[in-house]
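Data block below; observations after.
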Amino acid sequence: MPKKIYLDYAATTPVAKEVLNEMLPFFSEEYGNAMSVHSFGLTALQAIDNAREQTARFFGASPSEIIFTSGATESNNLAIKGVLKSYYSKTGNKNKRPHIITTAFEHHCVLNACETVEEEGLAEVTFIKPKKDGVVNMQDIQKAIKDNTILISVMYVNNEIGTVQPIKKIGALLKKENKMRAEKSLWPIIFHTDATQAVNYFDCDVNKLGVDLLSMSAHKIYGPKGIGSLYIRKGTAIKHIQDGGDQEYKMRAGTHNVPGIVGLGKAVSMIKTERIQQKNAELIELRNHLIGRILKEIPKSRLNGSAIKRSPNNANFSFKDVEGEGLLLSLDMEGVACSTGSACSSGALSPSHVLLSIGLRPEDAHGSLRITLGKHTTKKDIDSAVEKIKTVVERLRKISGKVLEEFYNNKK
Ligand code: PMP
């Protein structure tokens, strides 16, 4: 059996050994509930405090601004619905609907949360389309701002095509905008970013970015699944959306996932900001080798999204006349694991909303392949994967060519 090649690091990453080792005692030795007053509880609480400090340090925040959640899905839901809840509890006004701005190519947890609050009549939402290169236009955001805008949510790195959004610039724009709004006694605009795919590769200092809320998930950074965090800038108007206990400064009820939290803290602390540039450069070289070979050696292939403004680990291709799901399954049989679009939607056969948003035709948006690299990816893996992709694409094109030929023959 040949070695399997994992090229789906944007879907999830393996837990680092160092992370696992930190977590292990908290399953069956130090198993206290962090809310208990006895020594078992205290040990768990101290471990959580330590993880909160590690997380806060990474984001340039203070520990009381970090809330642990079950992952980015929950963080994003809390950010959007919690801000709305606070708005209504403060204004008590159900008649004047507030306005939210987001993008058309957010992860489904943001898109669907926005659609839900819109359907429930709680907010009007503007979904900004990115440009063809997969980057949102600052002017489009600026133009969309209205007097009743209370929240802007823009992802840092797109999970399908890896394109990087101008978060710092939007943050700076909103700083100015909010000064003017204060003079006009308008509600300040809260800025949220889903940084889930950015944490490993880009500066996530919340003050440099100028964000008020930032979501992430540990399993994208060699931490465990089912744990994430939401940074909440001190003073941000947001309310809890889940009722229960007083955990997490009353922002997120439910018994703490102590091993998960410990794992998240360790995973975040292992990203050495001073080494990010070097690591990115290594990954970019590998990723560009992949892109170069695919585009050169496979006819009628294209790279989706900007070649430059993209995450070091992401390559997303479309192959004309090749159906994405077929490609994925055939590659899996060859031992290569990658994805079409996001893992969460790759079970569905609808064309990728991300690719549609950057102007691909539905038939082209069906045939995409997302390849995401990680710290265990080697040049040998890439070269071996390219050979397999070449063979599979050729095979599938022959089949689809025959099917099309038969289709047209039957029509004659
Ligand atoms: N946002 C982005 C950008 C993601 O890539 C993901 C995971 N695919 C999520 C949110 C959701 O993360 P989780 O499933 O860990 O809640």
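Whatever order the structure lists them in is the order used to number ligands and atoms, beginning at 1. These numbers come from a predicted model, not from an experiment.
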Q. Is the gap between the ring centers of Tyr31 and Phe40 under 6.0 Å?
A. yes
Q.
Below 4.0 Å, non-hydrogen atoms only: which portion of Cys109 touches ligand 1? Side chain, backbone, both or neither.
A. side chain
Q) Just one of Lys96, Arg97, Lys146 clears the salt bridge (charged side-chain N to carboxylate O under 4.0 Å, His left out) bar with Glu124, so which one? A) Lys146
(Q) Please report whether ligand 1 has a polar contact with Thr73, defined as an N or O pair separated by less than 3.5 Å (distance criterion only). (A) yes
Q) For ligand 1, which part of Glu74 has a heavy atom less than 4.0 Å away: the side chain, the backbone, both, or neither? A) neither
**Q.** Tyr222 six-ring face occupied by Lys375 cation (under 6.0 Å, within 45°)
**A.** yes
Q. Should the proximity of Asp194 to ligand 1, defined as any heavy atom under 4.0 Å, be assigned to the side chain, the backbone, both, or neither?
A. side chain
Q. Where on Ala72 is there a heavy atom closer than 4.0 Å to ligand 1, on the side chain, on the backbone, on both, or on neither?
A. both
(Q) For a quick check under 3.5 Å, do Asp381 and His376 share a side-chain donor-acceptor pair by atom type? (A) no
Q: Check for a donor-acceptor pair, side chain of Asn316 on one end and backbone N or O of Leu303 on the other, with a separation under 3.5 Å.
A: no
Q) Where does Lys225 meet ligand 1, judged by heavy-atom distances below 4.0 Å: at the side chain, the backbone, both, or neither? A) neither
Q.
At less than 4.0 angstrom from any non-hydrogen atom of Ser217, what atoms of ligand 1 do you find?
A. 12 (O), 13 (P), 15 (O), 16 (O)
**Q.** Side-chain donor/acceptor of Gln197 to backbone N/O of Val157, under 3.5 Å
**A.** no
